[in-house]
Amino acid sequence: MKILYPYVAPGRIYLYVAGNNPFMGEAREFALFHSLDDFQKTGSLVVKDGAVLGRGANGNDYHRKHQCERVRLKIPTGERYDLCEGCHPKNHSEPKAIAEAQSKGYGLAGADLYLWGHWWCCEPCWRAIIAAGIKNVYLLEGSERLFNKIHPDNILGKF
């Protein structure tokens with residue numbers, strides 16, 4: 001079955017790992033404990049040569065203080081991040097993990113990114129991933145069902 005992602009960077013693909021993958025498990029734990037989004041918690045790990053270089057979780061406290069403008073206006077996923085401070089890509093887990101790794105002085109060329117809690121990366125996150133030199137993006141097997149707001153089998157808001 002072909003997955004119709006809202007966005008994939010040109011020339012790039014998503015790779016998948018099972019839930020028992022240790023890096024995906026750590027991304028999950030980081031998301032559950034550090035995400036400030038109570039509905040769609042995401043966590044990212046930047047990994048190189050078997051070592052975790054950076055971690056990031058999505059969100060800021062905007063959604064806790066204000067309603068999400070994109071949800072209120074029924075904006076489709078991946079669109080119009082400019083309408084809501086809480087949804088701005090600077091608050092996504094991928095650039096946060098990249099920024100943490102870079103702040104520690106790590107070179108990220110050839111590194112991998114593990115993303116738990118979402119089933120695709122938006123265009124601004126792909127730009128950050130590519131600019132950092134990250135080679136692969138790994139998603140959880142079945143993420144297109146588990147973390148897709150419109151799929152009837154999603155688990156969003158249930159963890």
Side-chain angles (χ1 to χ4, degrees), residues 1-60 63-64 68 70-71 74-81 84 86-101 108 110-130 132-159:
M1 176 181 81
K2 183 166 175 55
I3 299 169
L4 299 176
Y5 304 102
Y7 184 79
V8 182
R12 303 300 289 262
I13 62 170
Y14 295 107
L15 300 171
Y16 289 86
V17 295
N20 64 355
N21 176 283
F23 297 123
M24 190 59 71
E26 188 171 338
R28 177 187 181 276
E29 291 303 310
F30 197 82
L32 295 179
F33 287 103
H34 297 281
S35 174
L36 296 177
D37 185 327
D38 292 330
F39 182 72
Q40 187 151 9
K41 295 178 177 293
T42 67
S44 292
L45 261 62
V46 175
V47 177
K48 186 172 180 181
D49 299 327
V52 176
L53 306 182
R55 296 168 181 84
N58 66 321
N60 67 11
H63 288 144
R64 291 184 176 169
C68 176
R70 294 175 60 247
V71 169
K74 296 183 172 71
I75 304 295
T77 187
E79 296 180 16
R80 300 297 315 270
Y81 292 126
C84 180
C87 295
H88 192 281
K90 70 182 177 188
N91 297 314
H92 294 186
S93 67
E94 302 97 304
K96 286 184 172 185
I98 292 166
E100 181 186 77
L108 305 186
D112 297 319
L113 186 134
Y114 290 79
L115 172 61
W116 185 89
H118 216 322
W119 64 287
W120 64 286
C121 300
C122 67
E123 185 175 358
C125 288
W126 266 114
R127 283 195 307 265
I129 289 164
I130 292 166
I134 291 173
K135 181 179 177 184
N136 298 306
V137 173
Y138 289 93
L139 303 174
L140 177 67
E141 287 177 346
S143 60
E144 72 280 0
R145 294 182 322 277
L146 297 171
F147 306 123
N148 185 342
K149 292 177 185 176
I150 63 171
H151 197 285
D153 296 334
N154 81 64
I155 61 169
L156 298 173
K158 300 173 186 168
F159 38 80

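Any value given below was found using the heavy atoms of this structure, including those in side chains, with hydrogens, waters and symmetry copies removed.
The distance from atom NE2 of His88 to atom OH of Tyr81, rounded to the nearest 0.5 Å, is 11.0 Å. In this structure, NE2 on His118 lies 9.5 Å from OG on Ser143, to the nearest 0.5 angstrom. To the nearest 0.5 angstrom, Ile98 atom CD1 is 7.5 Å from Cys125 atom SG. Atom CG of residue Leu156 and atom CD1 of residue Ile150 lie 11.5 Å apart, to the nearest 0.5 angstrom. Once rounded to the nearest 0.5 Å, the distance linking CG of Leu108 with CD1 of Ile134 reads 5.5 Å. To the nearest 0.5 Å, atom CG of residue Leu53 and atom NZ of residue Lys48 are 7.5 Å apart.
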For this session: Apply side chain to side chain contact (heavy atoms under 4.5 Å, CB included) to the pair Ile129 and Val137, showing each step before the final yes or no.
Result: CA-CA 9 Å; Ile129 289 164; Val137 173; 3.9 Å; yes
Exercise. Does the pair Leu139 and Leu15 meet the rule for a side chain to side chain contact (heavy atoms under 4.5 Å, CB included), with working shown?
Worked result: CA-CA 6 Å; Leu139 303 174; Leu15 300 171; over 6 Å; no
For this session: Any chance you could lay out the salt bridge (Lys or Arg N to Asp or Glu O under 4.0 Å) test for Arg70 and Glu79, step after step, and finish with the verdict?
Result: CA-CA 8 Å; Arg70 294 175 60 247; Glu79 296 180 16; over 6 Å; no
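Residues Ser44 and Ala97 share a closest heavy-atom pair of O-CB, 3.6 Å. Annotation for Leu140 and Ala18: closest pair CD1-C, 3.9 Å, computed over non-hydrogen atoms. Nearest approach of Val52 to Glu26, heavy atoms of both residues: CG2-OE1, 3.8 Å. Nearest heavy atom pair, residue Gly86 against residue Asn60, reads CA-OD1, 3.6 Å. Nearest heavy atoms, Asn136 versus Arg12: N-NH2, 4.1 Å. Heavy atoms only, all atoms of each residue included: Ser93 and Gly43 are closest at OG-C, 3.8 Å.
Glu144 places none of its side-chain heavy atoms less than 4.5 Å from the side chain of Tyr5.
Side chain to side chain, Asn58 and Ser35 meet the donor-acceptor criterion of an N or O pair below 3.5 Å. No side-chain donor-acceptor contact under 3.5 Å links Asn154 and Asn148.
Applying the 6.0 Å contact sphere to CG of Asp153 captures more than 12 heavy atoms from other residues, nucleotides or ligands.
If you run ring-ring contact (aromatic ring centres under 6.0 Å, His included) between Phe147 and each of Trp119, Trp120, Trp116, only Trp116 comes through.
Using a 4.0 Å cut-off between a side-chain N of Lys or Arg and a carboxylate O of Asp or Glu, Lys96 and Glu100 do not qualify as a salt bridge.
Note: Phe23 and Tyr114 have tilted aromatic rings, judged against thresholds of 30 and 60 degrees for the angle between ring planes.
Side-chain atoms of His92 come within 3.5 Å of backbone N or O of Cys87 as a donor-acceptor pair. Side-chain atoms of Gln40 come within 3.5 Å of backbone N or O of Gly117 as a donor-acceptor pair.
A ring-centre distance under 6.0 Å is found for Trp126 and Tyr14.
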